[in-house]
Amino acid sequence: MSKSKIKYSSSKQFIEESRNELVLTEFEVLNAEATNFPGNHYGYDDTWTLEKFKKKLKINIIRIDNLEMEFDIIGVDPAVPNAFRRILLSDIPTMAFDRVFMFNNTSIIQDEVLAHRLGLIPLKADPRLFEFRREGDEEGTPEDTLEFELKVKCSWNPSRTKDHTNPEDLYRDFRVLTSHMKWIPLGGQKDLLNSDAVGPVYDDILIAKMRPGHELDIKLHALKGTGRDHAKFSPVATAFYRLLPQVKLLREVEGEAAERLQKCFSPGVIDLVDAPSGGGKKIAKVNDARYDICSRNVFRHEDLKEDTVKLTRARDHFIFYIESTGALPPEVLFVEAAKILSQKCRVFLDELKSGL
């Protein structure tokens, strides 16, 4: 479906589509520019007011667990979900290993590489309970530092035999895991923090492999930081959004053509149902376009590309996805992002007032 072949029943239909939908054609995306601003269309009141914004705004949680959350943000400008995405990636503080003191490392991993690996281990420690360490302070305090030690020495298994070839039978502690880390409370931390709530998110993260004679003796300081300082402080494995896909069938498609149409979309988008006329015929029906990847494969088929399917995306309906590293639950991360965005807005408004 090319741009010239899109037909509208009225100018009102064209205006409504340009204000609310992006149209995916075979070679281009139409309505990519925003037109819903005041005075652009005669008869449409697009002025922004808080009451209109609150009436349009909706947040629907689709699924949620300890690490992942998928939800919809409806009725906002793209700048809003993009602000949340950027804040989640770089502005929410977390705790991560930032100071590594190597007392002994006879493994085959160089000190710098090992320190980098340790820094990327996600920690379950609520950053809201800690302060940022002062610049130039190397010792740390109970208010800004979590201290851990990692002491592991690989040795031969005394019960091994000459027939054993599996490392599990030959060696002891040849795998260095995060479960080998031990939290060393500073000051009164033991009374304030639960040992189950402090430490690596997972106990089976592989840090290094060793052989008899290899040894690690390391002290680690976990500090508070943000993703702007280093990616290891980012609280999310990923945070992204996309527009809600919409698939509209413009005519009835049946038989073999319906089967080909179904294969053009992601699983679950198109279903095959019995035709109303009976006779055992199957026709295509849109089931759920939400998880379509908008590949536009349907335009590969000459008999389907013309006046069969219309692919659009809702301009103000965003599917947002958060995957936490485990430091904080995803719903808490979103609330913290909202607080930071609110604070940024207050700072900006204060700057504007002071400049007047």
Side-chain angles (χ1 to χ4, degrees), residues 67 93-127 129-130 132-133 136-162 164-190 193-225 227 229-235 237 324-327:
L67 293 178
T94 62
M95 303 293 289
F97 293 126
D98 196 62
R99 300 289 190 273
V100 179
F101 305 92
M102 298 278 185
F103 298 110
N104 192 11
N105 174 22
T106 57
S107 71
I108 63 172
I109 302 181
Q110 298 92 335
D111 290 354
E112 295 81 1
V113 176
L114 183 57
H116 184 264
R117 288 177 64 86
L118 291 168
L120 294 175
I121 294 173
L123 298 178
K124 52 179 180 182
D126 193 336
L129 303 177
F130 297 89
F132 288 98
R133 180 180 283 192
D137 185 1
E138 293 297 330
E139 296 298 325
T141 66
E143 289 74 30
D144 59 29
T145 303
L146 281 173
E147 184 174 309
F148 291 79
E149 70 173 11
L150 178 60
K151 291 185 178 182
V152 186
K153 184 175 183 179
C154 181
S155 61
W156 291 101
N157 184 357
S159 61
R160 71 186 186 281
T161 68
K162 63 179 182 180
H164 284 147
T165 58
N166 191 330
E168 298 281 355
D169 302 319
L170 291 174
Y171 317 118
R172 286 181 174 177
D173 295 326
F174 73 100
R175 285 195 186 96
V176 183
L177 306 174
T178 46
S179 58
H180 289 103
M181 289 182 173
K182 182 181 179 182
W183 174 42
I184 309 299
L186 300 176
Q189 287 182 344
K190 192 172 183 179
L193 303 173
N194 186 346
S195 60
D196 294 333
V198 176
V201 174
Y202 303 102
D203 291 331
D204 58 350
I205 298 177
L206 182 64
I207 299 173
K209 287 185 177 182
M210 302 192 299
R211 288 298 182 261
H214 292 177
E215 182 179 0
L216 293 178
D217 186 358
I218 305 173
K219 182 173 72 172
L220 307 102
H221 283 180
L223 309 182
K224 185 175 180 178
D229 304 322
H230 194 282
K232 65 186 177 184
F233 291 110
S234 182
S324 170
T325 60

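Treat the numbers as computed from the prediction; the structure is a model and nothing was measured.
- Residues Ile218 and Leu114 share a closest heavy-atom pair of CD1-CD2, 3.7 Å.
- Here the straight-line distance linking atom CE of Met181 with atom CZ of Phe97 works out to 4.5 Å at 0.5 Å rounding.
- Residues His180 and Ile207 form no side-chain contact, since every pair of their non-hydrogen atoms from C-beta on lies 4.5 Å or further apart.
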>> If you apply the rule side-chain contact (heavy atoms from CB on, under 4.5 Å), what do you find for Asn157 with Leu170, and how did you get there?
In response: CA-CA 5 Å; Asn157 184 357; Leu170 291 174; 5.8 Å; no

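- More than 12 heavy-atom neighbours from other residues, nucleotides or ligands sit within 6.0 angstrom of NZ on Lys219.
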> Under the side-chain contact (heavy atoms from CB on, under 4.5 Å) criterion, do Leu186 and Thr141 qualify, and how do the steps go?
Replying inline: CA-CA 7 Å; Leu186 300 176; Thr141 66; over 6 Å; no

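- Atom CD of Gln110 sits about 13.5 Å away from atom NE2 of His116, to the nearest 0.5 Å.
- With contacts defined as side-chain heavy-atom distances shorter than 4.5 Å, the pair Lys151/Lys182 does not qualify.
- Taking each heavy atom of Leu118 and Leu220 in turn, the nearest pair found is CD1-CD2, 3.6 Å.
- Applying the 6.0 Å contact sphere to NZ of Lys153 captures no more than 12 heavy atoms from other residues, nucleotides or ligands.
- The two atoms that bring Glu139 and Arg133 nearest to each other are O-NH2, 3.7 Å, heavy atoms only.
- One distance of note links NZ of Lys232 with CD1 of Ile121; it measures 11.0 Å at 0.5 Å rounding.
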>> side-chain contact (heavy atoms from CB on, under 4.5 Å), that's the test. Do Lys224 and Phe233 meet it? Break it down for me.
In response: CA-CA 8 Å; Lys224 185 175 180 178; Phe233 291 110; over 6 Å; no

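- Using a 4.5 Å heavy-atom cutoff, the side chains of Ser155 and Pro212 are not in contact.
- Side-chain contact between Thr325 and Thr94: absent, with no pair of heavy atoms (C-beta onward) separated by less than 4.5 Å.
- Aromatic ring orientation, His221 versus Phe101: perpendicular (interplanar angle above 60°, classes split at 30° and 60°).
- Within the 4.5 Å cutoff, the side chain of Phe148 has heavy atoms near those of the Val198 side chain.
- Heavy-atom contacts from other residues, nucleotides or ligands closer than 6.0 Å to NE2 of His164 number more than 12.
- Distance check, rounded to the nearest 0.5 Å: NZ of Lys124 to CG of Asn194 gives 9.0 Å.
- Here the CG-CZ distance, from Leu193 to Phe130, works out to 5.0 Å after rounding to the nearest 0.5 Å.
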>> I'd like to know whether Thr145 forms a side-chain contact (heavy atoms from CB on, under 4.5 Å) with Leu223, so could you lay out the CA-CA distance, the side-chain angles of the two residues, the decisive distance to 0.1 Å, and finally the verdict.
In response: CA-CA 5 Å; Thr145 303; Leu223 309 182; 3.7 Å; yes

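- Taken to the nearest 0.5 Å, the CE atom of Met210 stands 11.0 Å off from the CD1 atom of Ile108.
- Within the 4.5 Å cutoff, side-chain heavy atoms of Ile205 are placed close to those of Pro122.
- Lys190 and Trp183 get closest at one heavy-atom pair: CA-CH2, 4.3 Å.
- Across Gly326 and Leu67, no two heavy atoms sit closer than the pair CA-CD2, 3.6 Å.
- In this structure the side chain of Pro158 reaches within 4.5 angstrom of the side chain of Arg172, judged on heavy atoms.
- You'll find the side chain of Thr178 stays beyond 4.5 Å of the side chain of Asp204, heavy atoms only.
- Under the side-chain hydrogen bond (donor to acceptor under 3.5 Å, both in side chains) rule, Ser107 has a single partner from Asn105, Asn104, Asp111, which is Asn105.
- When all heavy atoms of Gln189 and Ile184 are compared, the closest pair comes out as OE1-O, 4.4 Å.
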